[in-house]
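The structure under discussion appears below in the form of structure tokens.
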Amino acid sequence: MRRARQIAFGASVFIGILVLTKLGIKAFSPWSQVTDLWESGNTIKELAGNFHFFRYLVAYPGLYLENMWPGFGFSAYVALFVAASAMLFRASNLLANSHAPGLLAWAIFFSAHAFMNGRGAIGWTAWLLCVYLALRNYDKRGLSGVFNFRTAFIVTSSTFLASVTSGVFLVVLASHFMLLGRAVWTSSIPSPGSVRLKSFLSFAISLVLLVVVLNFAVKYLQSAIEKVIVFFGDASGVIHHGIGQVLSEFDPVVFFSFLMILALTASVFVVLARGRAHPATWRLLFVCLVGGSAGFTALTLIIPVLALFLGAIFKGFAKNSPILPALKNARANAEMPAQ
């Protein structure tokens, strides 16, 4: 029943995006890195050595649909990712806070998508796969609990989708390393009699997938560093996409005043969420903040994580409020039969 509800919800979001696109209210557009490759006329095989090759592969079905239905095809393709993100966001809230997102959380979620292009929407899907995976596996210990085909498939899918932007790729990769590193740290050697053929095959397939992902990640990061060095002159130029750009454009007094206000707000936020938020969300928040320094698209990944915190805070307020118990008692008294 829950799965059917999730699918129905995702389908409604998908259809809603299609309607908004047809009405001209919201359309998702491809970015220049992939449109340039599409317009070059080269085949996929000829573009295999290009740095933007993998993000081109991610966007290719949408570009193909856009060629068939101009002004609609790419948005229809990205609508699938928005629907998937909405489903993942709902599932993550159920895992973290035991309830679906509230109106405020959904307002934040869809408002963020209203300002996105295709790359941002796809990047969010990659990240929310990480969020869901981290929450789902938080209580599991050891490789036997975490290291399975489902985990390997999610890691592979999210890493591939995250290639649309280097900043998101770094955040997603860091999240996966933290999850698998924790699994290795808490792992123990199983006895030979406890290993079954099915679990061994799942482990073997998962290992192959993760080795492929690791090889892909190393090559991607190597190419990204080489691109940054060529463009900026040294590897430190990566921060010019994010924090470096802010520092270079803002007045120091204004910037540090804003930083102090942000720190005070964060302190209040931490005090309110402490003891109420799911432990895994703190790790996800840390990864977002660090990775966000390398790019603004990556920094937006903090939005769904903050929404999880808001859900935990409001849930805590509701539980601690004396109003709700009074209402429940009044309702129970009203439903009691007269003596």
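In what follows, residues are counted from 1 in the order of the sequence shown.
- Side-chain contact between Pro30 and Leu63 is present, with heavy atoms from C-beta onward closer than 4.5 Å.
- Summarising the local packing, CG of Leu23 is surrounded by more than 12 heavy atoms from other residues, nucleotides or ligands at distances under 6.0 Å.
- In this structure, the separation between NE2 on His113 and CD1 on Ile17 is 8.0 Å, given to the nearest 0.5 Å.
- Between Ser40 and Leu47 the shortest side-chain heavy-atom distance falls below 4.5 Å.
- Cluster membership check: Leu80 shares its hydrophobic cluster with Trp124, using side-chain heavy-atom separations under 4.5 Å among Ile, Leu, Val, Met, Phe, Trp and Tyr.
- The CG atom of Leu65 lies 8.5 Å from the OH atom of Tyr77; values are rounded to the nearest 0.5 Å.
- Put simply, the side chain of Ser166 reaches to within 4.5 Å of the side chain of Arg55, judged on heavy atoms.
- A distance of 8.5 Å separates CG of Leu128 from CG of Leu301, quoted to the nearest 0.5 Å.
- The side chain to side chain contact (heavy atoms under 4.5 Å, CB included) check on Ile15 picks up Val19, with sequence neighbours excluded.
- Residues Val82 and Val13 form a side-chain contact, since some pair of their non-hydrogen atoms from C-beta on lies under 4.5 Å apart.
- Of the inter-residue distances, the one linking His278 atom NE2 with Asn97 atom CG reads 9.0 Å to the nearest 0.5 angstrom.
- Connection of Phe81 to Tyr64 is established within a shared hydrophobic cluster, with ILVMFWY side chains joined at heavy-atom distances below 4.5 Å, either directly or through further cluster members.
- Phe54 pairs by the ring pair (Phe, Tyr, Trp, His ring centres under 6.0 Å) definition with Phe216, not counting sequence neighbours.
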Run Val155 and Val172 through side chain to side chain contact (heavy atoms under 4.5 Å, CB included) and show every step you take. CA-CA 9 Å; Val155 168; Val172 167; over 6 Å; no
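- Linking Ile, Leu, Val, Met, Phe, Trp and Tyr residues whenever their side-chain heavy atoms come within less than 4.5 Å places Val78 and Phe160 in a single cluster.
- Taking all atoms of both residues into account, the shortest heavy-atom contact from Ala277 to Ala312 is CA-CB, 3.7 Å.
- Met68 and Ile44 fall within a single hydrophobic cluster, where Ile, Leu, Val, Met, Phe, Trp and Tyr side chains are chained together by heavy-atom contacts under 4.5 Å.
- Looking at heavy atoms from C-beta onward, Asn42 lies out of side-chain contact with Asn50 at the 4.5 angstrom threshold.
- Between the side chain of Ser158 and the main chain of Cys130, no donor-acceptor pair closer than 3.5 Å is present.
- Aromatic ring centres of Trp127 and Phe89 lie farther apart than the 6.0 Å criterion allows.
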In sequence, state the C-alpha distance, the side-chain angles, and the governing distance for Leu306 and Ile108, and then conclude on side chain to side chain contact (heavy atoms under 4.5 Å, CB included). CA-CA 10 Å; Leu306 289 177; Ile108 294 171; over 6 Å; no
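- Under a 3.5 Å cut-off, the side chain of Thr125 and the backbone N or O of Ala121 do form a donor-acceptor pair.
- Pairing each heavy atom of Ala91 with each of Gln6, the nearest pair is CB-NE2, 3.6 Å.
- Within the 4.5 Å cutoff, the side chain of His176 has heavy atoms near those of the Leu133 side chain.
- Inter-residue side-chain proximity for Ser175 and Leu284 is flagged as met; some heavy-atom pair is nearer than 4.5 Å.
- With rounding to the nearest 0.5 Å, the separation of OG1 in Thr35 from OH in Tyr56 is 10.0 Å.
- The structure places CE of Met87 at 10.0 Å from OH of Tyr132, a figure rounded to the nearest 0.5 Å.
- The side-chain contact (heavy atoms from CB on, under 4.5 Å) test with Arg119 is passed by exactly one of Val168, Thr165, Val58: Thr165.
- Of all non-hydrogen atoms in Ala280 and Ala134, the two that sit nearest each other are CB-O, 4.1 Å.
- Asn215 places no side-chain N or O within 3.5 Å of a backbone atom of Val218 that could act as its donor or acceptor partner.
- Between Ala174 and Val287, the shortest heavy-atom contact is CB-CG1, 4.1 Å.
- Counting only distance, with no hydrogens or angles, the side chain of Ser12 and the backbone of Phe9 share a donor-acceptor pair below 3.5 Å.
- Between Leu135 and Thr281, some side-chain heavy-atom pair lies under the 4.5 Å cut-off.
- Under the ring pair (Phe, Tyr, Trp, His ring centres under 6.0 Å) criterion, the residue pairs touching residues 15-50 are Trp38-Tyr60, with sequence neighbours excluded.
- For the pair Thr156 and Val213, the tightest heavy-atom approach, listed with the atom from each and the gap, is OG1-CG2, 3.4 Å.
- Residues Leu161 and Ile154 fall within the same hydrophobic cluster, defined by Ile, Leu, Val, Met, Phe, Trp and Tyr side chains chained together at heavy-atom separations under 4.5 Å.
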